[in-house]
Each structure stands twice: as C-alpha cells, then as structure tokens.
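Remember, predicted model here, so these are calculated numbers, not experimental data.
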Amino acid sequence: MDFAKVAEGKTKIVYDYDKEHYLLYFKDSITAGDGARKDEMPGKGVLNAQTSAFLFRILESKGIETHYVGMYDERTMIVKKLSMVPVEVVLRNIATGSIVKRLPIKEGEKFNPPIVEFFLKDDERHDPLLNYSHMEYFKLFTRKEAEQVEEVMKQVNNVLYNFFLEKGLLLYDFKLEFGRLGDKLIIGDEITLDSMRIREKDTLRILDKDLYRKGADLETVKRSYEEFFKRITS
C-alpha cells in the first residue's frame, strides 16, 4: 500500500491517508494468549473489516459516534485520526473468560446490570486490570472520562445485544477501545469476533475467537466467522 505506515499490531496496520484520516488495514493473522499463538487464516482480514464496518454503521445510525468513515477497499477502513488511549474497555453481560478465573463467579452467570472493566494494554503484563485511581495516575482517563466511557459502553451494549438477539445470537461480552478527537472521546479500533464473545442463543454454540483459543482448526474458525457475518447481514 503506497501510504506511510503509522503503526502495526498483531492483526491490523495503520497507514496515514490524509490530514484527518488513517487507513486501517485488517491482516489475515489470528492470535491468542497475547500473541503467544499466531496463525494466518486467509480471508479473515476481509471478514473482520466488513464485520467491523457493518457494526460501526449500526452504532452510527443510533447516534453513537465512532472513528468509522467508510471503506477504502474490502479489507481496509477509512477512519478518523484519533489519539488512542491504551486501555481496553470490556462490558460483560454473561460470565465467561478471565472474570471466572479472577473472581468467584460461575461460568454463564448473568450480570444485571452488566459489568464494565478497564484493562491496560500491555502484553508483557497480560493486560492488568485498572481502577479509576490507576487510570488517573497514568493519565489515561480522568474519573469523569471513565464514567463517560462506561455510559457509552452501556449504550453500545443496548444496541448490539438487542440486534444480535434478533438474529438468534447472545452477546456474552465485548471489548472496545477509545481515542481522543479534540476534547471528545470516540470509539476506535474494531468490533469483530476477535473482540466479542458470541454464542448461538438456543444451543450456546461458540461462534467467536474462543474457538481458536480452545484449539479448533483454522477452517472451523473461518466457517464460524463467515456464518456470523452472513447471519448479521441477512
């Protein structure tokens, strides 16, 4: 791509596009365990770019601002230039994953209201949990900003949980990242099966990256990503 590379992560590359926009290129890489396991899954980049764009458009249609502007090509989004905050914000509707390992909470327990957690983006330390005081100390979010982010997470959850339920899917949890544009905090990064846990409503069959984490072969994982995209867009 004939643009200057700004940054590269495990699954995406950021390119400079123009004065106000970046290009966000989705690679075919799939990783787990903070990058300890990594494979190439042909077609994943296109699926994730298209999934993320579709879900960002849904959020935008509900008045929730994101960095999404449009598509440059089938695996590359045009996005607003944000100053990203190195924090992963997770909203949990149903218990699974790390929370059942960290706390005396049973797998499948439902949270009402949902739980919102903040994690520092730090692979070396395995993304440690943050509280408001930590975030203020590291100058990540002020307490007021953290509360605003929590409110946005709940708004996103209301939109996506109900949308997925209509498709026969359960949204267990999801992760978002935020960036600054002037004095505003806006949703950035992506919304894909890499950053959500989605289950079949009736059977609780796993459709997300947990398949890969649990050792499923790449073809099985890809079929699940394809099925999910087909279901949400049909």
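Looking only at side-chain heavy atoms (C-beta outward), Val87 and Phe178 stay at 4.5 Å or farther from each other. Between Val116 and Phe118, some side-chain heavy-atom pair lies under the 4.5 Å cut-off. Looking only at side-chain heavy atoms (C-beta outward), Tyr225 and Leu207 stay at 4.5 Å or farther from each other. Side-chain contact between Ile58 and Phe163 is present, with at least one heavy-atom pair separated by less than 4.5 Å. Within the 4.5 Å cutoff, the side chain of Asn157 has no heavy atoms near those of the Met153 side chain. Looking only at side-chain heavy atoms (C-beta outward), Glu109 and Ile94 stay at 4.5 Å or farther from each other.
Every residue meeting the side chain to side chain donor-acceptor pair (under 3.5 Å) condition with Glu117, not counting sequence neighbours, appears here in chain and number order: Arg92, Arg102.
Under the 4.5 Å side-chain contact rule for hydrophobic residues, Ile186 and Leu59 do not share a cluster.
Nearest heavy-atom pair across Gly188 and Phe56 is O-CZ, 3.8 Å. When all heavy atoms are compared, the tightest approach of Tyr22 to Tyr17 is C-CB, 3.9 Å. Asp28 and Pro42 make their closest contact through OD2-CA, 3.6 Å (heavy atoms, listed as atom of the first residue, atom of the second, distance). What you find for Leu140 and Val85 is that their closest heavy atoms are O-CG1, 3.8 Å.
Distance check: Lys80 NZ to Thr66 OG1 gives 6.0 Å after rounding to the nearest 0.5 Å. Atom CG in Leu176 sits 9.5 Å away from atom CE in Met196 (nearest 0.5 Å). The NZ atom of Lys222 lies 13.0 Å from the OG atom of Ser224; values are rounded to the nearest 0.5 Å.
For residues 181-202, every residue pair satisfying the salt bridge (charged side-chain N to carboxylate O under 4.0 Å, His left out) rule, not counting sequence neighbours, is listed here: Lys12-Asp189, Lys12-Glu190, Lys44-Asp194, Glu65-Lys184, Asp173-Arg197, Arg197-Asp210, Arg199-Asp208, Arg199-Asp210, Glu200-Arg205, Glu200-Arg231.
Judged purely by distance below 3.5 Å, without hydrogens or angles, the side chains of Ser29 and Glu40 pair a donor atom with an acceptor atom. In the model, Asn48 has no side-chain atom that pairs as donor or acceptor with a side-chain atom of Thr51 under 3.5 Å.
In summary, the aromatic rings of Phe228 and Phe164 are positioned with their centroids under 6.0 Å apart.
Under the 3.5 Å distance criterion, the side-chain polar atoms of Asp123 are left unmatched by any main-chain donor or acceptor of His126.
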